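To start, the structure under review is shown below, and the notes come after it.
All of these numbers come straight from a predicted model, not from anything done at the bench. Note that ligands are numbered from 1 as they come in the structure, with each ligand's atoms numbered from 1 the same way.
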Amino acid sequence: MSSTDKYTVETITDVRPWTDSLFSFRTTRDRGYRFVPGQFARLGVKGAAEGSIVWRAYSIASAAHDEHLEFFSVVVPNGQFTSRLSKLREGDEIYVERKSYGFLTTDRFQAGKDLWMLATGTGLAPFLSILHDFATWEHYDNLLLVQSVRTQQELAYEDLIRGFEGSEYYGEFAHKLRYARIVTREPVPGTLRDRVTKLLSNGVLEENLGVKLDHDRSRIMLCGNPEMVEDSRKILTERGYRMSRRGDPGHLAVENYW
Ligand code: NAP
């Protein structure tokens, strides 16, 4: 197939498995493709019927300045899209809609000094892109990244996250990043064990990260499991944090993953 007004044909350049059901992949990027860190792309793979394409939304994990696009995916059992996607290899074609989407972007907020990024599973992806945006490090005093997974093996990108410290570009700001890992289904030293919702309610997350939630300072992004997003949103709304709306900046921005 060839590029159309709606999408471009790209090539998979790298596939990185993390576990049996979790993997990242890179694609070429059309020179005209633009996105704001935190947004998602719509990706297409060939469907079962001749000439058909199946489309899904995927948050972009790579930086806005990268020449490639990177995505982070789970294999959904019997999923039409991910079962095909997980079979793709380097050199295979993938379709990328020309338009980027979504509102999990820091431009939803005004002011604010602490950026909280709470992710479950592959919901980490948009935060990786946001963390590669230099403006984020310049604007905020504290960047609080929370990654909740079921098993230690699922703690993908830990090396990349730890690598901001000592990096040539981000190193001078790296002290601003605080990173909490939550592993809910097995004991792992140095990580938290309870669900992020419980840790938010009982104040342990704030204690662990050494930063208090605060209406003036905190801007909070939630991404991943829809129940986590909904439950966390409720907890925070009850504490007086407001959703950001178009033209009406608040404290919260969210993205559901399925
Ligand atoms: P997950 O079940 O979302 O769990 C990831 C982390 O989130 C775990 O630490 C989990 O804790 C926690 N969590 C789950 N529900 C929560 C809630 N209500 N409040 C607070 N924390 C919560 O795992 P996943 O590996 O990212 O995804 C699991 C399955 O979801 C996949 O196998 C796939 O079938 C499906 N999925 C579908 C899509 C799609 O596009 N259709 C995309 C992503 C995932 P616990 O261990 O306590 O549950």
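The shortest distance between side-chain heavy atoms of Y95 and T8 does not fall below 4.5 Å.
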For this session: Please step through side-chain hydrogen bond (donor to acceptor under 3.5 Å, both in side chains) for the pair S24 and Y157, ending with a clear verdict.
Result: CA-CA 10 Å; S24 295; Y157 289 106; 2.7 Å; yes
Exercise. F164 and H175: ring pair (Phe, Tyr, Trp, His ring centres under 6.0 Å), yes or no, with the steps?
Worked result: CA-CA 9 Å; F164 283 111; H175 61 278; over 10 Å; no
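Every atom of ligand 1 is numbered from 1 in the order shown, and the set under 4.0 Å from a heavy atom of D231 is 18 (N). Near V149, the atoms of ligand 1 lying under 4.0 angstrom from a non-hydrogen atom of the residue are 8 (C), 9 (O). When each atom of ligand 1 is checked for a heavy atom of N225 under 4.0 Å away, the hits are 1 (P), 2 (O), 3 (O), 14 (C), 15 (N). Interface of E227 with ligand 1, defined as ligand atoms under 4.0 Å from a residue heavy atom, comprises 18 (N). Here is the list of ligand 1 atoms found below 4.0 Å of a heavy atom in V76: 34 (O), 37 (C), 38 (C), 39 (C), 41 (N). Short contacts between ligand 1 and R185, defined as distances under 4.0 Å to a heavy atom of the residue, involve ligand atoms 45 (P), 46 (O), 48 (O).
A salt bridge does not link E10 with R29: every distance from a Lys NZ or Arg NE/NH1/NH2 to an Asp or Glu carboxylate oxygen is 4.0 Å or more. The pair D141-R217 counts as a salt bridge, with a side-chain nitrogen and a carboxylate oxygen less than 4.0 angstrom apart.
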Quick one: side chains of residues 250-258, donor-acceptor pairs under 3.5 Å with protein atoms, not counting sequence neighbours, listed by atom name and distance.
{"residue": "H251", "atom": "ND1", "partner": "R242", "partner atom": "N", "Å": "2.9"}
{"residue": "H251", "atom": "NE2", "partner": "H215", "partner atom": "O", "Å": "3.1"}
{"residue": "Y257", "atom": "OH", "partner": "S59", "partner atom": "OG", "Å": "2.5"}

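For atom 17 (C) of ligand 1, the closest heavy atom belonging to the protein is R195 NH1, 3.4 Å. Protein heavy atom nearest atom 20 (C) of ligand 1, with residue, atom name and distance: T197 OG1, 3.4 Å. Closest protein heavy atom to atom 25 (O) of ligand 1: R150 NH2, 3.0 Å. Residue, atom and distance of the protein heavy atom nearest to atom 26 (O) of ligand 1 are G121 CA, 3.4 Å. Looking from atom 31 (C) of ligand 1 to the surrounding protein, the closest heavy atom is V74 CG2, 4.3 Å.
A heavy-atom separation below 4.0 Å is not found between I182 and ligand 1.
Ligand 1 has a nitrogen or oxygen under 3.5 angstrom from a nitrogen or oxygen of T184. In terms of polar-atom proximity, defined here as any N/O pair under 3.5 Å, W258 makes no such contact with ligand 1. Considering both main-chain and side-chain atoms, T122 never comes within under 3.5 Å of ligand 1 through any nitrogen or oxygen pair.
Atom CD1 of I130 sits about 6.5 Å away from atom CG of L115, to the nearest 0.5 Å. Interatomic distance, L118 CG to I182 CD1, rounded to the nearest 0.5 Å: 8.0 Å.
The residue from A57, S148, G224, G123 that puts a heavy atom closest to atom 6 (C) of ligand 1 is S148.
Considering only residues two or more places apart in sequence or on other chains, E67 meets the side-chain hydrogen bond (donor to acceptor under 3.5 Å, both in side chains) condition with none of them.
Contacts of P77 with ligand 1, taken as heavy-atom pairs under 4.0 Å, involve the side chain alone.
Proximity of a side-chain donor or acceptor of T120 to a complementary backbone N or O of N225 within less than 3.5 Å is detected. A donor-acceptor contact shorter than 3.5 Å is absent between the side chain of R26 and the backbone of H68.
Closer than 4.0 Å to atom 29 (C) of ligand 1 lies none of the heavy atoms of the protein.
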